[in-house]
Amino acid sequence: MSVQLWKISFLIVQMYYLSLLILIPGTILSFWAQNNIKSTYNRYAQVRSTMGMTGSQVAQTILQNMGITDVRVEAVQGQLTDHYDPTAKAVRLSEGIYNSDSLAAAAVAAHECGHVLQDAKDYKFMNFRAALVPAANIGSQFAPLLIMAGIFLSALGGISTIFIYLGIALFLGVIAFHIITLPVEFDASSRALKLIDELNILQGEENEGAKNVLQAAAWTYVATAFASLLQLTQYLLILNSRRR
Ligand SMILES: [Zn+2]
């Protein structure tokens, strides 16, 4: 290996680690959002609602009132595993939510019903997001590998940028998924808050508690989308440094 080649390799490694710095704000925001949802959730998981409806009763009530008869409500193991499965037509609530009559449980159960309503009304962003799942999986798995391959190959000269371009192209699927997730989640939460209030599941001030929980959850999606945009910027910086 010539001295020149060592020098180039050193510059590449330096460029890569310097470009990592751009990810720091995303890491900080994600860390804050995770802590924020945990503490907000824990706070409102201890406040029982006046009506005393459990998460499962909240979900049943909403579905019944919206005239939805083909969706089951079932309990699922784990924490924060709550989701709506459109294929199985099932709202799955974690045991802590399913059996709890807290404000947090009402908020989460109603949010999942928000996704049921999106499905029933053929909400476009939801279908779009579902269609992006395979692209997002492939992108998050292979984009970093391709970028790394590009960086190492560039030490040997030649065809490195094509790998970086390919990595970036795949990563766009990940970005699209995280961006589309935002309107889907915001919309589910706003439907949830409206229904909780209209159906008198929560009373007065209690609605604020549910709103706080769903807002804290929304921040985690914002943080993820932001972090993925920073990662794209990192890849573009790497690409730019290779083209010089
Ligand atoms: Zn959701």
Side-chain angles (χ1 to χ4, degrees), residues 23 25-26 29-30 33-34 37 59 62-63 65-74 76 78 80-94 97 107-147 164-196 210-211 213-236 239:
L23 302 181
L29 185 65
S30 296
Q34 285 304 327
I37 180 66
I62 290 175
L63 297 181
N65 274 278
M66 300 312 289
I68 290 166
T69 51
D70 60 342
V71 174
R72 297 188 311 275
V73 179
E74 44 195 46
V76 65
L80 299 175
T81 46
D82 312 80
H83 65 277
Y84 166 57
D85 181 341
T87 320
K89 294 269 172 204
V91 169
R92 303 212 175 92
L93 302 175
S94 58
I97 298 284
V108 173
H111 172 93
E112 299 311 330
C113 291
H115 288 308
V116 175
L117 294 176
Q118 290 174 336
D119 189 23
K121 297 195 169 153
D122 257 329
Y123 178 67
K124 278 192 191 65
F125 286 126
M126 192 200 204
N127 301 334
F128 199 12
R129 177 170 75 159
L132 280 169
V133 170
N137 283 339
I138 291 170
S140 58
Q141 244 180 317
F142 292 106
L145 291 177
L146 285 164
I147 302 285
I164 300 177
Y165 274 120
L166 204 58
I168 290 172
L170 286 186
F171 197 69
L172 291 179
V174 179
I175 299 274
F177 176 79
H178 289 313
I179 299 289
I180 287 294
T181 294
L182 299 179
V184 175
E185 294 303 329
F186 294 170
D187 177 80
S189 286
S190 82
R191 287 176 199 258
L193 292 170
K194 213 172 142 221
L195 286 164
I196 281 178
K211 193 175 168 187
V213 171
L214 295 183
Q215 263 173 0
W219 272 109
T220 64
Y221 292 108
V222 172
T224 308
F226 178 61
S228 71
L229 282 173
L230 291 182
Q231 201 166 346
L232 177 66
T233 313
Q234 185 207 10
Y235 293 164
L236 292 173
L239 176 66

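The chain is numbered in sequence order, starting from 1.
- Minimum heavy-atom separation, Tyr84 to Glu112: N-OE1, 3.3 Å.
- Between the CG atom in Leu214 and the CD1 atom in Ile196 there is a gap of 6.5 Å [rounded to 0.5 Å].
- Side-chain atoms of Thr233 come within 3.5 Å of backbone atoms of Leu229 as a donor-acceptor pair (strictly under, hydrogens ignored).
- Taking 4.5 Å as the limit, every side-chain heavy atom of Cys113 sits out of range of all side-chain heavy atoms of Leu195.
- No donor-acceptor distance shorter than 3.5 angstrom exists from the side chain of His178 to the backbone of Ala176, with no hydrogens or angles considered.
- When all heavy atoms are compared, the tightest approach of Ser228 to Phe171 is O-CE2, 3.3 Å.
- Here the side chain of Gln118 pairs a donor or acceptor atom with the backbone of Val184 at under 3.5 angstrom.
- The side-chain heavy atoms of Val91 and Leu93, taken from C-beta on, include a pair separated by under 4.5 Å.
- With a 4.5 Å cut-off on side-chain heavy atoms, Asn127 and Asp122 count as touching.
- Side-chain contact between Tyr123 and Asp187 is present, with at least one heavy-atom pair separated by less than 4.5 Å.
- With 3.5 Å as the limit, one finds a donor-acceptor pair spanning the side chains of His111 and Ser189.
- Checked for salt-bridge contact, Asp85 and Arg92 meet the test: a charged N lies under 4.0 Å from a carboxylate O.
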